[in-house]
Structures are given as C-alpha cells and as structure tokens.
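Notes for the one structure printed next.
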Amino acid sequence: MSKNTPKAIRGTQDIFGADAESFAFVVETFERVRKLYRFRRVEMPVFEKTEVFSRAIGETTDVVSKEMYSFEDRGGDSLTLRPEFTAGIARAYLTNGWQQHAPLKVATHGPLFRYERPQKGRYRQFHQIDAEIIGAAEPQADVELLAMADQLLRELGIEGVTLNLNTLGDVASREAWRAGLIEYFSKVRGDLSEDSQERLEKNPLRILDSKDPRDKAFLADAPKIDEFLSDEALAFFENVTSGLDAAGVKWTRAESLVRGLDYYRHTAFEFIPDEGSAAADALGAQSTVLGGGRYDGLIESLGGSVTPAVGWAAGIERLAMLVGEKEAAPLHASIVPIGENGAKVAASLASFLRMHDLSVDVAFRGNMKKRMTRANDAGAFFALILGDDEIASRKVAVKNLRTGDQSLCSFDDVAVVLSEAVEGEEMARVARKFRGSGGFAGKERHPFSNY
RNA sequence: GCGAUCGUAGCUCAGUUGGUUAGAGCGCCGGUUUGUGGUACCGGAGGUCGGGGGUUCGAGACCCCUCGAUCGCCCCA
C-alpha cells in the first residue's frame with residue numbers, strides 16, 4: 001500500500017467475501033421473516049437533529065455526551081449520525097402523523113454510528129436490523145415481537161442462544177425498586193468496586209450486571225423487582241410470559257437484566273449465548289445478540305402524547321458471526337469466447353440467458369486455458385465455449401464442469417437446455433446439502449399441537 | 001477516556017544472542033499445452049520490514065515517540 005493512500009476511518013469495515021455473504025443472509029432472512037409477521041418496511045434518514053437523540057436518551061448520559069457522532073452543519077444546527085433506530089422512528093411517528101396507523105408495526109435495517117473504541121463485535125459504523133410496535137400497550141405486542149425475534153434466530157440457524165427476560169415494572173414499581181437497590185448497596189458501599197460506587201449515584205440498576213467479583217458477592221441478596229411490582233405490572237408480565245409459552249418461545253427469567261435508560265418500562269429482554277456455547281466464544285465480551293424492551297416513556301420525551309411502544313434491534317455483524325459460512329448463489333454458466341467475433345456473440349448470448357433467469361459470467365481475460373480456469377474457479381455449472389467454428393454453425397459448446405461431458409447445442413435451444421440442466425444441478429446441490437444437515441429431524445413439537 | 005498485545009510481499013506467517021543481497025506457503029502473471037478447467041512441473045513480478053527519531057562499526061530485531069490494528073475495561077441506545 002502506498003503511504004499516501006488514505007486509510008479507512010477507525011471502526012469502519014469493508015465487508016467482502018464470506019463475511020459479506022453471511023451479512024446478506026442475515027438481512028434477507030430478516031426481510032423474509034418480518035413479512036410473515038406483517039411488519040411494514042420503513043426507510044429512515046441516517047442523520048437527525050441532535051436533539052432527537054439527546055431528548056430521547058437523556059441529555060446528561062454518557063451516551064449522549066461522549067458517544068455520538070455529532071457535528072454542526074453549515075447553518076449551525078447540531079446534527080448527529082443516528083446511533084440507534086428507535087428515536088428516529090419515534091420522531092417520524094410524530095412528524096408524519098403515523099398515529100393513524102397505530103398499532104404500527106415497522107421494521108428497518110441499515111448503518112448506525114457510535115463514537116466508541118472498536119473491539120470485537122463493536123464498530124463505529126455498524127449495522128442493525130430493527131423492529132418496533134408503536135401505539136400498543138397490550139402485552140400481546142410484546143409477545144408478537146419476541147416471537148418474531150425467536151423465529152428469526154431459528155431461521156438463521158443460530159443455536160445456543162436463550163431469551164433472557166425481565167420486567168422493570170411500571171414507573172412506580174421501577175422507582176421503588178431503584179430506591180430499594182440504593183438502600184441495599186449503600187450499606188456495603190465501601191466494599192463495592194470503584195465503578196459501582198459511581199453507579200450507585202448515576203445508575204444503581206447497572207450494579208446488577210457488574211463483572212467485578214467484589215460486586216458479585218452482593219448481587220444474590222440484592223432486592224428483586226418482584227418485591228416491588230404493582231398488581232398491574234405483575235399481570236402484564238404474566239400475560240407476556242404465558243403468551244410466549246403459547247407461541248412456543250423458550251425463555252428464562254433474568255431478574256438482574258436491566259436497561260441503562262429511564263424510558264424503559266415493563267418488558268426488557270436480551271437473547272444471550274449460553275455459557276460455554278460456540279456462540280459465546282464467537283462474540284467475546286459483546287454477548288447480547290438481540291435486545292430490546294418496552295419504552296413507553298420515549299415518545300413523550302419528544303413532545304408526543306403518552307404512547308406505549310415496544311421494540312428490539314440486533315447487530316447484523318454479530319448475527320453474521322454466528323450463522324457460519326454461507327455459499328454465494330451458484331453461477332450457472334461461464335461463457336468462454338474465443339476471438340473477436342466470439343466476444344461479440346458472447347455479449348449477446350449472456351444477455352439472452354440472463355433474461356431467462358440464468359446467472360452468467362463472461363470470461364473475457366486471458367487465453368482460453370485461463371478462461372476455462374476462471375470458469376472453474378467461479379464454480380460455474382457449465383462452460384459455454386464460443387469460437388468461430390461454433391458461431392459458423394449457430395451452436396455453442398456446452399461443457400459440464402462437474403462431469404467434463406461436452407456437447408454442442410444450437411443457439412435456438414440453448415436457453416431451454418441450460419435451464420433444465422441447471423435445475424438438475426440445483427436439485428443435486430440442495431440434496432447434498434440437506435443430507436449433510438440431517439434435514440428437519442429434531443425440530444421440536446409445537447405447543448399448538450396440544451390444543 | 002484507560003489497559004494489554006501486536007504491526008515483515010495481495011493474504012497467512014518465518015526471520016537465531018543485533019551481522020553481508022529479507023524468506024516460505026497460498027494467491028497473481030507467464031510457460032510446458034496459441035481451442036479446453038481441476039493435477040503436476042518450470043519461470044517471473046511483487047517489500048522504503050507501519051512512520052519518525054535514537055543507540056551501534058552495523059537495526060526487521062534494542063530504546064523513545066507517533067500512527068494503526070486486535071482484545072478487554074468504562075459505557076451500552
């Protein structure tokens with residue numbers, strides 16, 4: 001690399017090859033599943049006025065003061081590259097009058113930006129998939145959202161990940177719990193880690209997921225949210241859990257799972273790799289695969305009327321790390337033209353075959369041997385050889401690169417002949433793969449069969 | 001913001017207590033074969049050893065600074 005070549009920005013990634021295939025597989029699977037649940041696609045701006053995020057998240061938090069990509073535009077307004085989807089969607093909900101569609105189910109995906117030190121599974125520009133239900137206070141909304149998340153992870157083939165579920169209760173429950181935690185931890189203040197002594201002032205709930213062994217000693221006996229839940233909050237949580245059971249979504253109660261920000265109410269959840277699983281190893285310190293919760297307080301903070309909402313987001317890169325290697329779509333045919341005339345006819349043949357839904361590459365570099373090599377390396381099912389002899393007789397030489405068989409095929413028949421042959425190759429390929437995976441055996445019985 | 005580890009060819013990495021002209025595998029290009037891939041053999045291109053300064057007769061190696069990467073801490077929307 002020349003020393004005057006500009007470098008990429010810290011924390012950005014150039015995704016290519018196998019990683020890019022995995023990334024695309026995650027997005028395509030998300031798009032497919034989200035349609036099954038009838039979440040409507042939205043496209044959002046990647047930047048907003050800074051206040052959209054600072055008001056939603058809280059002016060004084062570290063998140064807003066240190067970890068956003070903010071800048072002034074030429075008019076002097078402070079703008080911020082979106083660090084999350086939720087605040088922007090909430091803003092759009094209010095500015096576009098989407099209340100008329102409530103309860104509104106929307107989904108989106110794309111790049112997000114956070115000014116943080118990069119590490120495994122954390123980048124400054126990263127990508128998330130996101131799903132929200134806005135304007136629904138019913139626990140069924142939480143259930144539906146979680147069922148979609150669960151199905152998505154299954155369809156991605158991700159194993160060893162469990163839904164960790166908690167409730168933070170309503171405002172009164174949450175505040176009472178917070179007070180209880182402050183009282184409890186204040187008594188042992190001197191024995192807590194320095195970080196947790198600070199958390200005691202700023203965000204006492206966060207002490208519960210401290211990694212410091214000095215803190216862990218006190219966690220087991222810390223007050224639980226359940227002691228503070230109002231009857232309504234308890235009933236809400238029970239509706240969520242029974243709904244999950246009915247939908248066949250496995251979950252585990254995580255009493256110390258909390259959220260850092262104040263607008264969260266009721267349901268909070270994270271899909272987390274089981275300890276010792278391959279997924280846990282793959283993700284390092286960034287263990288949450290998909291997370292979210294109910295944020296009934298957020299839309300109010302942007303000047304809207306009280307609007308209940310629930311949502312989740314998941315990092316595409318993290319999911320991609322867990323889905324394994326994905327094959328690129330197969331190449332049906334590589335055209336190997338010989339000579340100037342061959343090049344011209346090849347362009348025509350390629351266009352013709354692509355219109356018949358066949359994937360086609362033209363090997364235009366090097367001598368014929370080189371072109372055959374490239375056809376082979378690209379994984380093409382067939383090489384289509386097109387020289388003066390073939391063109392003169394309006395035929396193309398079709399070589400099966402698996403078997404080595406070669407025969408001539410007329411221009412008139414080539415699209416049909418290839419389509420049929422490709423179908424056979426695809427089926428053989430899928431069959432090979434399916435045999436290797438053990439098929440659908442082992443899928444668990446769905447709870448619906450018990451009704 | 002803090003800490004640890006690491007920067008040698010396009011990629012993955014060797015490189016002895018500091019010693020002559022910095023190596024290998026893969027990849028790339030060409031040839032054995034000018035109309036036939038996978039294998040084999042032969043040849044070739046490609047490096048200011050991240051950058052700057054210092055120690056030394058001599059630095060890829062040692063020291064300082066700097067930039068970058070990785071992993072972790074803080075934070076986590």
Side-chain angles (χ1 to χ4, degrees), chain A residues 1-13 16-17 52-58 61-69 80-90 112-123 126 128 130 193-196 198-199 202-203 205-206 209-212 258-264 268 270 283-288 291-293 295 298 301 311-313 315 334 336-339 342 363 365-391 397-406:
Chain A
M1 182 181 69
S2 165
K3 66 182 169 189
N4 66 9
T5 301
K7 288 177 188 146
I9 304 297
R10 179 199 288 270
T12 62
Q13 336 166 58
F16 177 74
V52 170
F53 305 112
S54 61
R55 284 172 58 182
I57 295 166
T61 58
D62 278 15
V63 163
V64 166
S65 56
K66 303 198 305 212
E67 289 156 16
M68 298 201 309
Y69 255 103
T80 294
L81 299 178
R82 63 183 180 196
E84 60 158 19
F85 281 112
T86 308
I89 291 174
L112 303 170
F113 305 83
R114 295 180 184 177
Y115 199 89
E116 294 183 297
R117 188 102 184 191
Q119 52 182 290
K120 190 179 186 114
R122 277 183 103 160
Y123 305 94
F126 59 103
Q128 285 188 344
D130 181 274
S193 67
E194 296 76 16
D195 286 334
S196 284
E198 193 150 324
R199 289 182 182 116
K202 289 165 66 178
N203 202 345
L205 272 57
R206 276 278 160 191
D209 51 19
S210 170
K211 293 167 188 167
D212 196 301
V258 296
R259 309 264 80 181
L261 303 180
D262 290 338
Y263 57 62
Y264 284 105
E270 295 179 1
L283 291 178
Q286 313 308 322
S287 55
T288 299
Y295 51 93
L298 187 149
S301 70
W312 57 249
S334 181
V336 176
I338 300 159
R365 170 168 300 180
N367 56 24
M368 185 185 185
K369 177 190 165 74
K370 197 76 208 170
R371 294 174 188 211
M372 290 298 289
T373 305
R374 284 182 188 280
N376 192 60
D377 291 347
F381 291 153
F382 297 97
L384 306 183
I385 300 160
L386 209 49
D388 290 338
D389 297 347
E390 287 81 6
I391 292 168
V398 177
K399 178 162 189 172
N400 182 321
L401 291 175
R402 301 280 184 287
T403 63
D405 296 341
Q406 183 170 330

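Each chain gets a letter, A, B and so on, in the order the sequences are listed, and its residues count up from 1.
- Partner of A:Leu298 under the side-chain contact (heavy atoms from CB on, under 4.5 Å) criterion, chosen from A:Ile89, A:Thr86, A:Leu261, A:Asp262: A:Thr86.
- Taking only distance into account, the side chain of A:Glu390 meets the base of B:G35 through a donor-acceptor pair shorter than 3.5 Å.
- Residue A:Asn203 is classed as a sugar-phosphate contact, given heavy-atom separations below 4.0 Å to backbone atoms only.
- The closest side-chain heavy-atom distance from A:Phe381 to A:Arg402 is below 4.5 Å.
- For B:A14, there is no paired base (Watson-Crick or G-U wobble, both distances below 3.5 Å).
- The ring of A:Tyr264 has its center no closer than 6.0 angstrom to the ring center of A:Tyr295.
- Across all strands shown, A:Gly404 has heavy atoms under 4.0 Å from base atoms, whether or not it also approaches the sugar-phosphate.
- Nearest nucleotide to the side chain of A:Arg199, out of B:G35, B:C74, B:C76: B:C74.
- Separation of the P atoms belonging to B:G23 and B:C49 is 14 Å when rounded to the nearest angstrom.
- No donor-acceptor contact under 3.5 Å links the side chain of A:Arg259 to the base of B:A77.
- As rounded to whole Å, 11 Å separates atom C1' of B:U36 from atom CG of A:Asn376.
- A heavy-atom distance below 4.5 Å is found between the side chains of A:Arg365 and A:Arg374.
- Across all strands shown, B:U21 remains unpaired; no Watson-Crick or G-U wobble contact has both distances below 3.5 Å.
- Taking atom CG of A:Leu283 as the reference point, atom C1' of B:C71 lies 14 Å away to the nearest angstrom.
- In the set B:C71, B:C76, B:C29, the nucleotide with an atom closest to the side chain of A:Lys370 is B:C29.
- The base-pairing partner of B:G46, taking Watson-Crick or G-U wobble contacts with both distances under 3.5 Å, does not exist among the strands shown.
- Using a 4.0 Å heavy-atom criterion, one finds that A:Leu261 contacts the sugar-phosphate atoms exclusively.
- At a cut-off of 3.5 angstrom, counting only N and O atoms as typed in the model, there is a donor on one side and an acceptor on the other between the side-chain of A:Gln406 and the base of B:U36.
- Phosphate contact (OP1/OP2 of B:G38, side-chain N/O of A:Arg374, threshold under 4.0 Å): absent.
- Counting all heavy atoms, side chain and backbone alike, A:Leu384 lies closest to A:Val398 at CD2-CG2, 3.8 Å.
- When distances run from any side-chain atom of A:Arg117 to the nucleotides B:U70, B:A77, B:G37, the shortest one goes to B:U70.
- Of the residues in residues 80-89 of chain A, those placing a heavy atom less than 4.0 Å from an atom of RNA chain B are A:Pro83, A:Glu84, in numerical order.
- Remark: A:Arg10 is not in phosphate contact with B:U70, judged by side-chain N or O atoms under 4.0 Å from OP1 or OP2.
- Phosphate proximity of B:G72 to A:Gln119: present, with a side-chain N or O under 4.0 Å from OP1 or OP2.
- Considering only heavy atoms from C-beta on, A:Arg199 stays 4.5 Å or farther from A:Leu205 through its side chain.
- Contact annotation for A:Asp389: base contact, defined as any heavy-atom pair under 4.0 Å involving a base atom.
- Pairing for B:G72 is with B:C2, a Watson-Crick or G-U wobble pair whose two hydrogen-bonding atom distances lie under 3.5 Å.
- If you check distances only, the side chain of A:Arg122 does reach the base of B:C75 with a donor-acceptor pair under 3.5 Å.
- In this structure the side chain of A:Met372 reaches within 4.5 angstrom of the side chain of A:Leu401, judged on heavy atoms.
- In this structure, B:A59 makes no Watson-Crick or G-U wobble pair, since no nucleotide meets both defining distances under 3.5 angstrom.
- The base-pairing partner of B:U32, taking Watson-Crick or G-U wobble contacts with both distances under 3.5 Å, is B:A40.
- Remark: B:G7 base-pairs with B:C67. Criterion, Watson-Crick or G-U wobble with two distances under 3.5 Å.
- The base of B:G37 sits with one of its N or O atoms less than 3.5 Å from a complementary donor or acceptor on the side chain of A:Lys399.
- Between A:Asn367 and B:G31 there is a side-chain polar atom (N or O) within less than 4.0 angstrom of OP1 or OP2.
- Remark: A:Arg10 does not engage A:Glu116 in a salt bridge, criterion side-chain N to carboxylate O under 4.0 Å.
- You'll find that the side chain of A:Pro118 is closest to B:U70, out of B:G72, B:G35, B:U70.
- Here the straight-line distance linking atom CG of A:Asp130 with atom CZ of A:Phe85 works out to 6.0 Å at 0.5 Å rounding.
- Of the candidates B:A77, B:U36, B:C73, B:C73 carries the atom nearest the A:Ala285 side chain, counting heavy atoms from C-beta on.
- Using C1' as the reference atom, B:U20 and B:G60 are 15 Å apart when rounded to the nearest Å.
- Residue contacts for A:Tyr264: at a heavy-atom cut-off of 4.0 Å it reaches the sugar-phosphate backbone alone, with no base atom in range.
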